[in-house]
S.K.: 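I have a structure I would like to understand better, so I am pasting it below and will then ask my questions one at a time.
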Amino acid sequence: MLILNFYLEGFTGVRLKVSPVFSVFNSWRCRSYPSIQGRCSMARLFSIRKYLPFTYKMMIPYLVLVLITDIVIGYVSYGMLVKSRTEVAETGIRAALEQTRNNADYRMTEIQRISDQLFGNLAFQQALQRHGDRLDMYYTMIDDIYPQLDAPLDLYGSPIRLTLYAVNPDIGEAGKQSANETPITKSEFFVQSFASLKNRIWFQELQADRKDNNVWIQSDTDHKLDNVSHLRKLVSFSDYQTVIGYIRITVNFDGLLSNLTKYPEEQGLGLRVIDRSNNEVLYSRTPFAASKSDAAYLNLREDLDETPFAIEIQVPHEYLNKDAKRLQLTLGLICAISFIVMGAIGFAVAALSGRRMKRIVSHVRSFQDGNLERRLMMSGNDEFVLIAHSFNNMASSIQNLIQDVYKQGIQRKQAELEALQAQINPHFLYNTLSTISSLNNLGKTREVTEMAKKLSRFYRLTLNNGQVLIPLHKELEQVQAYLDIQKVKYADSFKVYVDMEPEVSEVRIIKLLYQPFVENIFKHAWFGDTIAIRLTAKRVGNDLELKIIDTGIGMQQETINKVLRSTMQSNTYGFKNVEDRIKLRYGPEYGVQMASVYGGGTTVRLLLPIQTEASELSDETSYPEIKERK
């Protein structure tokens, strides 16, 4: 078997291995001759293998790379955004806490200033120490006390409650006694008797500790109402010893901490005010967690300069990272869209480059199927153009090589057929000339003349203008010419019967198929006085069946086996000659079969493919022209 491999290699390292020339030749042979296309179709069906285009294989690492890139970018971006968002939130809370502290300091300083102003107001002091009847005291309160208490209320920005506890019994009370038990909803003042203050336990404790002057406290219901009070002792300027009253200014913590109270409680942000001296909690909006671990909470504290108080904030990191889920979803969506877009771009690029690759694969498969006329036409200066150019050159080279191989094969087959044919003709010629010589020695001039004429006709039909293939009816005419020669020798001692279906009379077969076996009948099968010969030809499916049947002596099984195993050198019965010519011409599935009964005759069966003039294999050595596509 001739196997030639051609390789196509470009400067990019792309290597294309083309099918062996023998396979391409077989594919071309299948396309060129319809009589064998059925067998070729089955062979091609089992030879086709599915493949995954190279461009799509390259998409797998590309998509993996894009996916990894998106994941890394998304992860890093998510971490940076969460960190940035946390820092922004923390900075905002710190700024809010600092601003709240400044605001609380300012407001408490204002309250301190109000108490200082009342403490240092001489007219207010004199009014508190004045005595008289009820009418005079009424006017004193209307003209000198109430205006002094009301003026600061308008200047303070948030609601406060100002209470005057007067020692002077002539000063009447103004407002409800239970005012301190209600929430502060507006700025207002009250005047009460000192007697309502001095019996309270918290006041007595302050007096005992001498802390009843200029002090911030939570008394009465202040803790319950989230209030804080500033208590200031008023003394007479005459001796700076005589107590003339107390000023209590109460403010709500929500007003002091307004910048922080806007944060929603459900976020878990803890806010409280403590007394630095004893760590007592004066105000708490949200209960603080028992654990102050920095891993779970951000803990901040600011001291109020003008008071012993401090503001503490406890912020859970969940609050600082409250947008993390939304950021994660957004970044995930962005990464997914990026992956889809990059994948679509990759598939688009793969499809564009895959078109050329598909063209190359299509041409290679067509080339493998035997279509040697197709050529790849591509423009540009890339690897595909180099592959196309090399493919075209390779196809042309293989065409020329196949043509040479095919010519050589046809010529070899023709030479072998002619050699086998030459082995038959001389043998018969020698026997016939020997018979003519014998007849001439016997003085049978007429028989000699008749046999010479019939021998001339036999060889005229045998030569047939040098053609190897002849119609079946011509083959039978040739056999009849041979039998006519034998009739000169044997007269009417044998009978010949011909049974040929009319539809197979034009089927072309290689010549001299019947004659060797008919000659064997006269040489080996005849015993007795007469013999009958029957020649048949009929169609069996897509094949032609020829039979040579005689009523001769037949053969034993040992003789049949010897004939079947015979070589060209020991071809006594001509069996091997005909067998080799049939297989050489039509293939190994065709040939000669033999059956015999000793004493009962012999049957020889020849099986050939049916070939008409439209479908025959040419016996010429020409090769169909293959035109190169421009």
Side-chain angles (χ1 to χ4, degrees), residues 33-39 417 420-421 424 458 461-462 464 467-484 486-487 494-522 524-526 530-552 554-555 560 563-564 573-597 600-619:
Y33 301 103
S35 61
I36 58 175
Q37 284 185 353
R39 298 193 301 272
L417 286 172
L420 292 172
Q421 182 68 48
I424 295 177
F458 172 79
L461 292 173
T462 300
N464 194 26
Q467 295 184 7
V468 177
L469 297 179
I470 61 175
L472 179 59
H473 67 86
K474 288 288 186 182
E475 172 72 6
L476 291 175
E477 289 180 14
Q478 184 187 47
V479 174
Q480 188 62 49
Y482 172 79
L483 293 172
D484 289 343
Q486 296 300 330
K487 282 185 178 181
F494 63 89
K495 298 292 185 181
V496 178
Y497 302 95
V498 178
D499 185 7
M500 178 183 65
E501 293 180 351
E503 63 175 304
V504 299
S505 63
E506 295 297 329
V507 174
R508 297 175 69 84
I509 62 174
I510 55 178
K511 59 188 177 182
L512 291 177
L513 294 181
Y514 278 114
Q515 189 270 337
F517 296 104
V518 173
E519 183 178 353
N520 282 336
I521 294 173
F522 288 98
H524 304 287
W526 197 344
T530 62
I531 192 171
I533 301 172
R534 181 181 179 86
L535 306 177
T536 66
K538 66 178 181 178
R539 184 188 186 104
V540 180
N542 293 325
D543 297 327
L544 176 65
E545 181 186 72
L546 307 179
K547 287 185 178 181
I548 303 95
I549 307 171
D550 67 73
T551 59
M555 292 181 288
I560 294 176
V563 171
L564 294 177
Y573 292 86
F575 176 88
K576 188 63 175 178
N577 184 290
V578 177
E579 172 83 0
D580 288 348
R581 286 194 293 134
I582 291 176
K583 291 186 180 299
L584 183 64
R585 186 71 188 185
Y586 302 113
E589 61 268 32
Y590 299 102
V592 182
Q593 295 176 338
M594 182 181 296
S596 181
V597 177
T602 301
T603 298
V604 177
R605 178 177 180 266
L606 286 72
L607 187 65
L608 313 172
I610 292 181
Q611 294 180 340
T612 61
E613 291 189 8
S615 63
E616 67 181 21
L617 288 169
S618 175
D619 61 328

S.K.: Give the minimum heavy-atom separation between Val578 and Pro516, together with the two atoms involved.
M.R.: CG2-CG, 3.9 Å

S.K.: Measuring from Gln515:CD to Ile548:CD1, what's the distance to the nearest 0.5 Å?
M.R.: 11.0 Å

S.K.: Using the side-chain contact (heavy atoms from CB on, under 4.5 Å) rule, pick out the option among Leu469, Leu513, Leu535 that qualifies with Glu475.
M.R.: Leu513

S.K.: Once rounded to the nearest 0.5 Å, what's the spacing between atom CD of Glu545 and atom NZ of Lys538?
M.R.: 5.0 Å

S.K.: Only one of Thr603, Val518, Ile521, Val604 passes side-chain contact (heavy atoms from CB on, under 4.5 Å) with Asp550; say which it is.
M.R.: Ile521

S.K.: Can you check whether Ile549 reaches Tyr497 side chain to side chain, under 4.5 Å on heavy atoms?
M.R.: no

S.K.: Does a donor on one side chain and an acceptor on the other come within less than 3.5 Å for Gln486 and Tyr482?
M.R.: yes

S.K.: Considering all heavy atoms of both residues, which atom of Leu546 and which atom of Ala537 are nearest to each other, and what is their separation?
M.R.: CD2-CB, 3.5 Å

S.K.: Working to the nearest 0.5 angstrom, can you tell me the gap between Met555 CE and Asn520 CG?
M.R.: 8.5 Å

S.K.: Work out which heavy atom in Ser505 is nearest to a heavy atom in Pro471; give both atom names and the distance.
M.R.: O-CB, 3.9 Å

S.K.: Distance from Lys495 atom NZ to Arg534 atom CZ, nearest 0.5 Å?
M.R.: 15.5 Å

S.K.: With rounding to the nearest 0.5 angstrom, report the CZ to CG distance, Arg539 to Leu544.
M.R.: 9.0 Å

S.K.: Run Leu607 and Tyr586 through side chain to side chain contact (heavy atoms under 4.5 Å, CB included) and show every step you take.
M.R.: CA-CA 10 Å; Leu607 187 65; Tyr586 302 113; over 6 Å; no

S.K.: Between Glu579 and Val592, is there a donor-acceptor pair closer than 3.5 Å when you use the side chain of the first and the backbone of the second?
M.R.: yes

S.K.: Do any N or O atoms from the side chain of Thr551 and from the backbone of Ala532 form a donor-acceptor pair under 3.5 angstrom?
M.R.: yes

S.K.: What do you reckon, is NZ of Lys583 surrounded by more than 12 foreign heavy atoms closer than 6.0 Å?
M.R.: yes

S.K.: Can you tell if the side chain of Leu483 reaches within under 4.5 Å of the side chain of Phe522, non-hydrogen atoms only?
M.R.: yes

S.K.: Rounded to the nearest 0.5 Å, how far does CG of Leu472 lie from CZ of Arg508?
M.R.: 11.5 Å

S.K.: Using modelled atom types and a 3.5 Å cut-off, is there a donor and acceptor pairing between side-chain atoms of Ser596 and backbone atoms of Gly601?
M.R.: yes

S.K.: Taking the side chain from Arg581 and the backbone from Lys511, do they hold a donor-acceptor pair closer than 3.5 Å?
M.R.: yes

